Amino acid sequence: SAHDVAEGKLCFPENFLFGVATAAYQVEGAWNVSGKGESIWDSYTHNHPERIFDHKTGDVAADSYHLFKEDVRLMVELGVQFYRFSISWSRILPNGLINHINEDGIRYYHEVMDELIRNNIQPMVTMYHWDLPQYLQELGGWTNPIVSDYFVDYARLLFQNYGSKVSAWLTFNEPLSFCENGYGGSDAPGRLESSGIEDYLCGHNVLRAHGKVYRMYQTEFQTQFSTKIGITFHFSWRAPSSQSADDITAAETARQFATGWFAHPIFSKTGDYPPIMRKRIDSISKIQGFSRSRLPYFTPDEIEMIRGSADFLGLNHYTTYLVSKNTKTISPKPSYADDMGGIKSQKASWPTSNSTWVKVVPWGFRLALNWIKREYDNPPVIVTENGVPLEKGLLDTRRIEYIKEYLKSMHTAITKDNCNVYGYTHWSLIDNFEWTRGYSERFGLYEVDFDSPNKTRTPRLSSEYYARISRTKCL
Ligand code: GBH
């Protein structure tokens, strides 16, 4: 309003949405109650404690399965307009397959949504936040094309049950992360040595699954509901490490391999993989003696099915990397890193957080949003995650500083650059199980006492700060 401008405040449009996010495995706990099946994160943390920093599991986590009403109360305190959470596939379908539906799972998410709606908070639901049913992993997980069809069955069940309650759907959270770190790194299922092969199979089947779900919704549900369907990408900014032509090219190639890999097939005019990915992987595959490219080809029909299969783009943004050209010769062993051809680093002078990878670099946010605007013709974007991990403690002034600086950068992208951003989600509502980092990295606006039997939630200073923003829409 004029009043706010006069005071020099930075304000977002009145209808701009502020929310908070979590994910099922990171907060729910109750890993084996009332008919829930095992997911790959259950079996991974149980069988490979050595791969988790503090050797812990999500068996109980923040116990949101039992404490969701308390979580909703915190959101009321924050005054947020929506809650982004995910559904655990194996809580609903214990083996991932449609022939056995777990009624307690169906009931649980109805109760969560009803409690949100009663409190005027819109449910934004992620269908897949990394916790594949273990049985499907035994079939090869995302490297097996049939898993895309099983995902469609699961998605249909979600639409049938929750179609009238959900305000926005996200099919997948960060395919880059779970394909690259799961099928070529140390996230579940922990296929450490598979990069350059299984990661691309995963990506291929995930893109097919996403496209099929979008088309299925159009034919079977669109007359009934008008809910928008999107997908969330991880996009930390990648800046050239010097102004040399080689480094500028390497940084752009890295963006295409990170975000373009999944965004280009869905959001570009032409569809399909980014041309630079196709070119590099085809030619490196040949040099390595493969008879075909390690990056699979879509059929023309698949390209069409996937192209345009989202109503909005979800963006997870945390930090910035520098990229320089990799001058080493290509190794005979396939890898995504070699295919990409850039070396990632971060500047020693960038302010740190309590993690290995989040450095505080607010200007990267504006550049990432502008890149998406340019590449994909300014699609509607909702920031589905942004946040910073700090140590335990309630006086988190560094989180307040992080939020302020990142929101300023986003505000400039919206008001000066006309980036089509309509909402922002803070990661996270509460401290939770941070994957292979266990409970050592805390992202919550509320602290969770994991040692207390009732997993006590306590507001941090940042929760009051964020509540003011979500209520006034001003910084
Ligand atoms: C998101 O992804 C997740 O969606 C969410 O579940 C998670 O809790 C949140 O972020 C906070 O981490 O070692 O430098 O190569 C995070 C994606 C991908 C970030 C792998 C860390 C390793 C970077 N992660 N990445 S590096």
Side-chain angles (χ1 to χ4, degrees), residues 19-28 39-41 51-53 58 61-62 64 84-88 124-132 170-188 190 192 195 199 202 231-238 254 257-259 261-262 314-323 335-337 340 342-348 350 352-361 364 368 382-390 399 402 406 425-445 448:
V20 285
T22 63
Y25 186 71
Q26 296 180 271
V27 299
E28 279 181 8
S39 82
I40 56 174
W41 275 95
R51 300 240 181 114
I52 312 296
F53 179 75
S64 289
R84 176 181 175 233
F85 63 99
S86 81
I87 290 182
S88 157
M124 178 185 213
V125 176
T126 311
M127 296 176 177
Y128 185 83
H129 201 122
W130 306 0
D131 45 355
L132 190 74
L170 294 158
T171 52
F172 291 97
N173 179 68
E174 299 188 354
L176 170 71
S177 300
F178 71 83
C179 288
E180 202 39 55
N181 302 326
Y183 297 85
S186 60
D187 279 1
L192 301 176
S195 183
D199 43 6
C202 171
I231 179 166
T232 280
F233 304 129
H234 182 81
F235 190 24
S236 291
W237 180 241
R238 282 149 169 87
F257 268 75
T259 304
W261 179 3
F262 296 96
L315 176 72
N316 292 353
H317 178 89
Y318 287 89
T319 193
T320 286
Y321 294 99
L322 298 176
V323 182
S335 78
Y336 167 84
M340 194 239 303
I343 308 269
K344 256 171 40 176
S345 65
Q346 287 177 311
K347 213 174 242 173
W350 287 343
T352 56
S353 68
N354 188 35
S355 82
T356 51
W357 65 287
V358 179
K359 304 285 185 289
V360 185
V361 194
I382 179 162
V383 175
T384 39
E385 287 179 29
N386 172 249
V388 63
L390 298 173
R399 181 169 285 108
Y402 178 97
Y406 272 73
T425 320
H426 194 73
W427 183 275
S428 176
L429 172 67
I430 49 179
D431 291 340
N432 55 55
F433 181 79
E434 179 55 19
W435 310 112
T436 55
R437 303 300 300 169
Y439 296 96
S440 67
E441 297 184 9
R442 291 168 179 263
F443 280 88
L445 295 169
V448 175

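Whatever order the structure lists them in is the order used to number ligands and atoms, beginning at 1. Given the structure is predicted, the values throughout are model-derived calculations rather than measurements. We number each residue from 1, following the sequence as shown.
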Identity and distance of the protein heavy atom lying nearest atom 1 (C) of ligand 1:
Glu385 OE1, 3.1 Å
Rounded distance (nearest 0.5 Å) linking atom CZ of Phe233 with atom OG1 of Thr259:
8.0 Å
Ser353 side chain vs Val358 backbone, donor-acceptor pair below 3.5 Å
yes
Reported CD1-to-OH distance for the pair Ile40 and Tyr25, which is rounded to 0.5 angstrom:
10.5 Å
Within less than 4.0 angstrom of ligand 1, does Ser177 place any heavy atom?
yes
Please state which protein non-hydrogen atom is closest to atom 20 (C) of ligand 1 and give its distance, to 0.1 Å?
Asn181 ND2, 3.3 Å
May I ask you to identify the nearest protein heavy atom to atom 12 (O) of ligand 1, giving residue, atom name and distance to one decimal place in Å?
Glu434 OE2, 2.5 Å
Interatomic distance, OG1@Thr425 vs CH2@Trp427, rounded to 0.5 Å, equals 10.5 Å
Which label fits Tyr406 and His317: parallel for a plane angle under 30°, tilted from 30 to 60°, or perpendicular past 60°?
tilted
Side-chain donor-acceptor contact under 3.5 Å, Thr436 with Ser186
no
Within the structure, does at least one protein heavy atom fall under 4.0 Å of atom 22 (C) of ligand 1?
no
At under 4.0 Å between heavy atoms, which part of Thr356 makes contact with ligand 1: side chain, backbone, both or neither?
neither
Is there a heavy atom of His129 sitting under 4.0 angstrom from any atom of ligand 1?
yes
Measure the spacing between NE2 of His129 and OG1 of Thr22 and express it to the nearest 0.5 Å.
8.5 Å
Which of the numbered atoms in ligand 1 are under 4.0 angstrom from any heavy atom belonging to Tyr321?
14 (O), 23 (C), 26 (S)
Ligand 1 versus Asn432, non-hydrogen atoms closer than 4.0 Å: side chain, backbone, both, neither?
neither
Side chains of Thr320 and Gln346: do they bring a donor and an acceptor to under 3.5 Å?
no
Nearest protein heavy atom with distance in Å, relative to atom 9 (C) of ligand 1
Tyr318 OH, 3.2 Å
Against heavy atoms of Asn316, which atoms of ligand 1 measure under 4.0 Å?
4 (O)
Side-chain (Arg442) to main-chain (Val448) donor-acceptor, under 3.5 angstrom:
yes
For ligand 1, which atoms have a heavy atom of His234 less than 4.0 angstrom away?
17 (C)
N/O to N/O below 3.5 Å, does that happen between Trp130 and ligand 1?
no
Protein residue, atom and distance nearest to atom 13 (O) of ligand 1, heavy-atom basis
Trp357 CB, 4.5 Å
Just by distance, with hydrogens left out, do Arg84 and Thr126 show a side-chain donor and acceptor under 3.5 Å apart?
yes
Side-chain donor or acceptor of Tyr318 paired with backbone N/O of Ser236 under 3.5 Å
no
Name the closest protein heavy atom to atom 15 (O) of ligand 1, giving the residue it belongs to and the distance to 0.1 Å.
Lys344 NZ, 3.5 Å
Which bit of Asn173 is near ligand 1, meaning a heavy atom under 4.0 Å away: side chain, backbone, both or neither?
side chain
Is there a heavy atom of Glu441 sitting under 4.0 angstrom from any atom of ligand 1?
no
How close does the nearest protein non-hydrogen atom get to atom 17 (C) of ligand 1, and which residue and atom is it?
Glu174 OE1, 3.3 Å
